[in-house]
J.: 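Take this structure, written in structure tokens, and hold onto it; I'll ask about it next.
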Amino acid sequence: QVQLVESGGGLVQAGGSLRLSCAASGSIFSINTMGWYRQAPGYQRELVATATSDGSTNYADSVKGRFTISRDNAKNTVYLQMNSLKPEDTAVYYCNANIRRYYSRPLIEYWGQGTQVSVSS
């Protein structure tokens, strides 16, 4: 009974900014890795950025220096600040989280429903 809900997508012009949010809710004991993936029409889903529970972050080369991932563990929420957006950033962005629902239970991977980001030139 875990849900990941994304918000913050929209339509912006090239060079603009958006901030995506993803809140996890339900029966949650702890969250390990949280991250963002994206999928454009005709392409495979690809990793954008991840953040581990110890604060380590990882970014795709295509977004380094432009996107910033952050977490608010008290709110079970992950954010993606996207600056200097390019038309090639256009995609559906999906939230991903590895969650332990109960003590001594294994981690389970969850996905959000996706939020559309469109960047016009």
J.: Shared ILVMFWY cluster between Val92 and Leu4, side chains joined below 4.5 angstrom?
T.: no
J.: Which heavy atom of Asn83 sits nearest a heavy atom of Ser17, and at what distance?
T.: OD1-OG, 2.9 Å
J.: Answer yes or no: does atom CD of Gln13 have more than 12 heavy-atom neighbours from other residues, nucleotides or ligands under 6.0 Å?
T.: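 At most 12 heavy atoms, drawn from other residues, nucleotides or ligands, come within 6.0 Å of this atom.
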J.: Verify, without hydrogens or angle tests, whether Thr90 (side chain) and Val119 (backbone) share a donor-acceptor contact under 3.5 angstrom.
T.: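 The answer is yes, because a donor-acceptor pair under 3.5 Å joins these two groups.
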J.: For Thr52 and Asp54, does a side-chain donor sit closer than 3.5 Å to a side-chain acceptor?
T.: yes
J.: Considering all heavy atoms of both residues, which atom of Ser21 and which atom of Tyr79 are nearest to each other, and what is their separation?
T.: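 Looking at all heavy atoms of both residues, the shortest contact is OG-CD2, 3.3 Å.
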J.: Within the structure provided, determine whether Arg45 and Tyr94 are in side-chain contact (heavy-atom separation under 4.5 Å).
T.: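 They are in contact (side-chain heavy atoms under 4.5 Å apart), so the answer is yes.
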J.: Can you give me the closest heavy-atom contact between Ala14 and Ser121, atom names plus distance?
T.: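 Closest pair (atom of Ala14, atom of Ser121, distance): CB-CA, 4.3 Å.
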J.: Out of Asn76, Val2, Asn73, which one pairs with Ile31 under the side chain to side chain contact (heavy atoms under 4.5 Å, CB included) rule?
T.: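 Going through Asn76, Val2, Asn73 one by one, the side chain to side chain contact (heavy atoms under 4.5 Å, CB included) with Ile31 is satisfied by Asn76 alone.
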J.: To the nearest 0.5 Å, how far apart are CG in Leu20 and CH2 in Trp36?
T.: 4.5 Å
J.: Is any side-chain heavy atom of Glu109 closer than 4.5 Å to a side-chain heavy atom of Asn96?
T.: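 Glu109 reaches Asn96 side chain to side chain.
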J.: Measure the spacing between CE of Met34 and CG of Asp72 and express it to the nearest 0.5 Å.
T.: 10.0 Å
J.: Using a strict 4.0 Å threshold on nitrogen-to-oxygen distance, state whether Asp89 and Lys86 make a salt bridge.
T.: no
J.: OG1/Thr57 to NZ/Lys64 distance, rounded to the nearest 0.5 angstrom?
T.: 9.5 Å
J.: Main chain of Gln113, side chain of Glu6: is a donor-acceptor contact present, judged purely on distance under 3.5 Å?
T.: yes
J.: Test side-chain contact (heavy atoms from CB on, under 4.5 Å) on Val63 and Arg38 and set out the steps.
T.: CA-CA 12 Å; Val63 306; Arg38 66 187 181 186; 4.0 Å; yes
J.: Report the distance from atom OG of Ser25 to atom CD of Gln1, rounding to the nearest 0.5 Å.
T.: 10.0 Å
J.: Any chance you could measure Ser27, atom OG, to Arg105, atom CZ, to the nearest 0.5 Å?
T.: 11.0 Å
J.: Classify the angle between the aromatic ring planes of Tyr37 and Trp111 as parallel (below 30°), tilted (30 to 60°) or perpendicular (above 60°).
T.: perpendicular
J.: At their closest point, which heavy atom of Leu18 faces which heavy atom of Gly8, and how far apart are they?
T.: CD2-O, 3.7 Å
J.: Roughly how far, to the nearest 0.5 Å, is the CG atom of Asn98 from the OG1 atom of Thr33?
T.: 5.5 Å
J.: Using the side-chain contact (heavy atoms from CB on, under 4.5 Å) rule, take Phe67 and Leu85 through it: C-alpha gap first, then chi angles, then the decisive distance, then the call.
T.: CA-CA 9 Å; Phe67 292 9; Leu85 283 162; 3.8 Å; yes
J.: Would you check if the side chain of Arg71 reaches a backbone N or O of Val78 as a donor-acceptor pair within less than 3.5 Å?
T.: no
J.: Spell out, as yes or no, whether a donor-acceptor pair under 3.5 Å connects the side chain of Tyr59 to the backbone of Ile69.
T.: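 Checked: pair present.
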J.: So which atom in Ser84 and which in Arg66 form the shortest heavy-atom distance, rounded to 0.1 Å?
T.: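 Closest pair (atom of Ser84, atom of Arg66, distance): O-NH1, 3.0 Å.
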